[in-house]
> 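Dropping a structure here in structure tokens format, bear with me for questions.
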4 protein chains.
Amino acid sequence: MSVIRPMRADAVRNRRKILDAANAQITARGPDVGMDEIAQAAGVAVGTLYRHFPTKTDLVAAVVGEYVVAVADDAQASLGRASVGTSRAVDEVVGFLSRVAESSADHHAVKAAAQGLGVEGHGDESDESRASGALAELIALAQADGDIRTEVTVDDLYLLMATAPTDEPAPVRQRWLDLILPGITTPPC
Amino acid sequence: MSVIRPMRADAVRNRRKILDAANAQITARGPDVGMDEIAQAAGVAVGTLYRHFPTKTDLVAAVVGEYVVAVADDAQASLGRASVGTSRAVDEVVGFLSRVAESSADHHAVKAAAQGLGVEGHGDESDESRASGALAELIALAQADGDIRTEVTVDDLYLLMATAPTDEPAPVRQRWLDLILPGITTPPC
Amino acid sequence: MSVIRPMRADAVRNRRKILDAANAQITARGPDVGMDEIAQAAGVAVGTLYRHFPTKTDLVAAVVGEYVVAVADDAQASLGRASVGTSRAVDEVVGFLSRVAESSADHHAVKAAAQGLGVEGHGDESDESRASGALAELIALAQADGDIRTEVTVDDLYLLMATAPTDEPAPVRQRWLDLILPGITTPPC
Amino acid sequence: MSVIRPMRADAVRNRRKILDAANAQITARGPDVGMDEIAQAAGVAVGTLYRHFPTKTDLVAAVVGEYVVAVADDAQASLGRASVGTSRAVDEVVGFLSRVAESSADHHAVKAAAQGLGVEGHGDESDESRASGALAELIALAQADGDIRTEVTVDDLYLLMATAPTDEPAPVRQRWLDLILPGITTPPC
DNA sequence: GATGAATGAGTGTTCATTCAT
DNA sequence: TATGAATGAACACTCATTCAT
């Protein structure tokens, strides 16, 4: 008696195509691409786009939401590796930040679009807490190892993620990482 | 043979009013204020606005340019104090970064507007080099004091300035500064 | 040899639901309700709605048609009472007009929708002639009584019905009736 | 020191052209003409149209307002003639109603458009009261002559004007007038 | 036969920019 | 030179209708 009706197969396909097209178009042509252009890139009519996302804001929020899912997945995978002992927790934190800075580069225009439209909730809240949970554990692990400063919190990570120089070339992003890291890790002595 | 004709007094006045109005309006009403609104706030007609700045991009670039002037002034003042020995050079660097993060908060919408319009050159190049020069000397001073890591450059400072969390409340900006500083300063031991 | 195939029971039910929903929605939400909204209110999908009424115009015409049926019924009932002598024919004419003005108030948005769509034939012609016939006899009766002016015709009644102030509150509609009546009834002397 | 600045001559001209075009287009092509079509018919760009009337509602309201001006003028002229004794006051009332029914025929689609957009104030209030005043005096005059029933008010006239069969051919409108008049004038005996 | 996703022309409105006054 | 009216391409969004499932 679930209220959640399964979507028709083609509707699912279209939703995917739209989301991908939106991501691609915003990335390629800037945060102000028109809905028509996104629809065309997705190979659907505008009406279809609006059936899936009643508002441009909704569409962009969904795109951001997908990104949050990816980030949460990454955070959980990092935690997984650190828990098992495959790698040190600090290294996972650093790797995570590095990958986020990397992937955010593509995501930059999307973030700009979201800001321009006043997108609020970045998609599903459960994904955000999934990410937060994993990162919290990861930090705790690294702190137990004595590798990360005791006062560092998940919010600090979010703050750094938010300020990553997403529109800069790779070497700059690497340098940024180097500048950032000492603030998180414990001093050498 | 100079082509630069002195501006008529009222033209100068108008330019000032427009620049101030643009800054105020963008800050107050977001990066997407219309040219008409800016003109009205400046007490001139749109036509006048366009006589001074042929393009919205030009206008925003000029506003950004003014900000660069202020930053350059600050940098030079900081250097002055450190040279005279009034204060330690590191402290001036930190203070400078802190003030920039602070002032950038107001400036945030302007930056967003600039980005949205693809503003390239941030105004007068001489101001940029004025700032760069002062900051370079300041860093050198601090490095001579052994307070700032030897590999830190002016570009690092610019990178950090560019990624300051300008749209966050003061405590967050302070925390960001705390996270950032260890990457610049020499380790305690 | 009749081409008219009896409708399947559920098709009949759907037709009813759609007609009722259309009436209700147009009345409640104005003449511009969308087909989707009507379909949803009827508990069917748009496709079903379009199976029954190939065009919005057709749907609205059908709704109007139902109203004509009700009016025809009323006219015949009025005639019935007057014929039997239960009441004076004039009073029945007046009562009829009054009730039409009354019911038209609900019907107002439907009329507006019909006009907006250029609905032509108001449904079944037989109903119109049923109404016309009854009203003609009723007028004749009242004229025989000397109560209604000899030159008054059925078309006059239609004209008045058409111009009833359907979107005005009850007292206004009553006042309108008072203004209208002297033109139909015989002068007191 | 008047705040009302005189409009530029060409702006005035454009305003006129727009108003006329709006009237013409709505009359000719129905209440749902697009703003673009109106603009084109007026020989201006849409932007110009929107500079003069920030909203379609505003435009239609202005068109209706012009009609109110015409009606008010007519009412005052009628009163003038009756006051001077050129004609009987009743005749002026009848003539006024007749002319309104006549002119309203053209005006019908405009009224529909106004209703569809929820136009509230029919333009300038002063024109409405100008009309009301003149009609009140005219009615009083005719009542003094013993030609119009004592209970008739200006609102009655408005009610009848509002219900005139504006979309019917001339003979029908004439017949309507005949049906309406006895409700206003004193009975023959 | 019913469903509801897809279509796409059309709508009202905005805004950077131009140009007659 | 300043003014502000005019321009018109562009945009987000709607809705009657069609058609694959």
Side-chain angles (χ1 to χ4, degrees), chain A residues 5 7-15 18 32-40 42-57 59 117, chain B residues 8 10-11 14 32-40 43-59 117, chain C residues 7-8 10-11 14 32-40 43-59 117, chain D residues 5 7-15 18 32-40 42-59 117:
Chain A
R5 268 183 311 104
M7 259 178 141
R8 259 169 50 178
D10 58 342
V12 173
R13 241 185 339 268
N14 273 340
R15 198 189 146 88
I18 290 169
D32 291 333
V33 244
M35 292 295 262
D36 286 29
E37 276 166 298
I38 293 173
Q40 192 171 29
V44 297
V46 237
T48 303
L49 196 162
Y50 274 96
R51 166 170 279 270
H52 286 276
F53 305 98
T55 277
K56 191 177 191 180
T57 302
L59 173 58
L117 292 165
Chain B
R8 271 174 39 181
D10 60 338
N14 272 345
D32 291 332
V33 248
M35 292 295 261
D36 285 29
E37 276 166 298
I38 293 173
Q40 190 172 35
V44 293
V46 240
T48 304
L49 195 161
Y50 272 92
R51 171 163 299 274
H52 287 276
F53 305 97
T55 276
K56 192 177 192 181
T57 301
D58 292 326
L59 173 58
L117 292 165
Chain C
M7 261 174 142
R8 269 174 42 179
D10 61 337
N14 272 346
D32 290 333
V33 247
M35 293 295 261
D36 285 28
E37 276 166 300
I38 294 173
Q40 190 172 33
V44 292
V46 241
T48 305
L49 194 162
Y50 272 92
R51 171 162 299 275
H52 286 277
F53 305 98
T55 276
K56 191 177 192 181
T57 303
D58 293 326
L59 172 57
L117 292 165
Chain D
R5 270 185 306 106
M7 257 177 143
R8 260 169 49 178
D10 58 342
V12 174
R13 242 189 334 271
N14 273 341
R15 196 190 148 88
I18 290 168
D32 290 334
V33 245
M35 294 294 262
D36 286 28
E37 277 167 298
I38 293 173
Q40 192 172 29
V44 296
V46 238
T48 304
L49 195 161
Y50 274 93
R51 165 171 280 268
H52 287 276
F53 305 97
T55 277
K56 189 176 194 182
T57 302
D58 292 326
L59 173 57
L117 292 167

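Here is the naming used below: chain letters follow the sequence lines, and residue numbers restart at 1 for every chain. Remember, it's a predicted structure, so these values are computed and weren't measured experimentally.
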> In whole Å, what is the span from the CD atom of A/Gln40 to the C1' atom of E/dT7?
14 Å
> In whole angstrom, what separates D/Phe53's CZ from E/dG12's C1'?
16 Å
> Take atom CG of A/Asp10 and atom C1' of E/dA6, then tell me their distance rounded to the nearest Å.
9 Å
> Taking only side-chain nitrogens and oxygens of D/His52, does any of them come within less than 4.0 Å of OP1 or OP2 of F/dA6?
yes
> Any side-chain N or O of D/Thr48 below 4.0 angstrom from OP1/OP2 of F/dA5?
no
> CD1 of D/Ile38 versus P of E/dG12: gap in Å, rounded?
8 Å
> Please determine, for F/dA20, whether a Watson-Crick or G-U wobble partner exists with both distances under 3.5 Å, and give it or none.
E/dT3
> How many angstroms lie between CZ in C/Arg51 and CG in C/Asn14, if you round to the nearest 0.5 Å?
11.0 Å
> Decide if atom CD of D/Glu37 counts as having more than 12 heavy atoms of other residues, nucleotides or ligands within a radius under 6.0 Å.
yes
> Got a second to check how far A/Ile18's CD1 is from A/Thr48's OG1, nearest 0.5 Å?
6.5 Å
> Rounded to the nearest Å, what distance is computed from the CD atom of residue C/Glu37 to the P atom of nucleotide F/dC15?
7 Å
> May I have the distance from A/Tyr50 (atom OH) to E/dT11 (atom P), rounded to whole angstrom?
17 Å
> Measuring to OP1 and OP2 of E/dA2, would you say a side-chain N or O of C/Arg51 lies under 4.0 angstrom away?
yes
> May I ask you to test the A/Met35-A/Phe53 pair for a side-chain heavy-atom distance under 4.5 Å?
no
> Of the listed nucleotides (E/dT14, E/dA5, F/dT3), which one gets closest to any side-chain atom of B/Val44?
F/dT3
> Partner of E/dA9 by Watson-Crick or G-U wobble geometry, both contacts under 3.5 Å, or none?
F/dT14
> Contact class for D/Gly47 vs. all strands (heavy atom < 4.0 Å): base, sugar-phosphate, or nothing?
base
> Which sits closer to the 5' end of DNA chain F, A/Lys56 or B/Gly43, going by the nucleotide each is nearest to?
B/Gly43
> By nearest nucleotide on DNA chain F, pick out whichever of A/Thr55 and D/Leu49 is the more 5' one.
D/Leu49
> Could you pick out which residue, B/Asp32 or D/Met35, lies toward the 5' side of DNA chain E when each is mapped onto its nearest nucleotide?
D/Met35
> If only side-chain N and O atoms of C/Asn14 are considered, is one of them under 4.0 Å from the OP1 or OP2 phosphate oxygen of E/dA2?
yes
> Rounded to whole angstroms, how far apart are CG on D/Asp36 and P on E/dT13?
11 Å
> Supply the atom-to-atom distance D/Asp32 CG to D/Lys56 NZ, rounded to the nearest 0.5 angstrom.
6.0 Å
> Specify the residue among D/Val33 and C/Val46 whose closest nucleotide of DNA chain E lies further upstream toward the 5′ end.
C/Val46
> Please state how far atom CG in B/Leu117 lies from atom C1' in E/dT17, giving the value in whole angstrom units.
14 Å
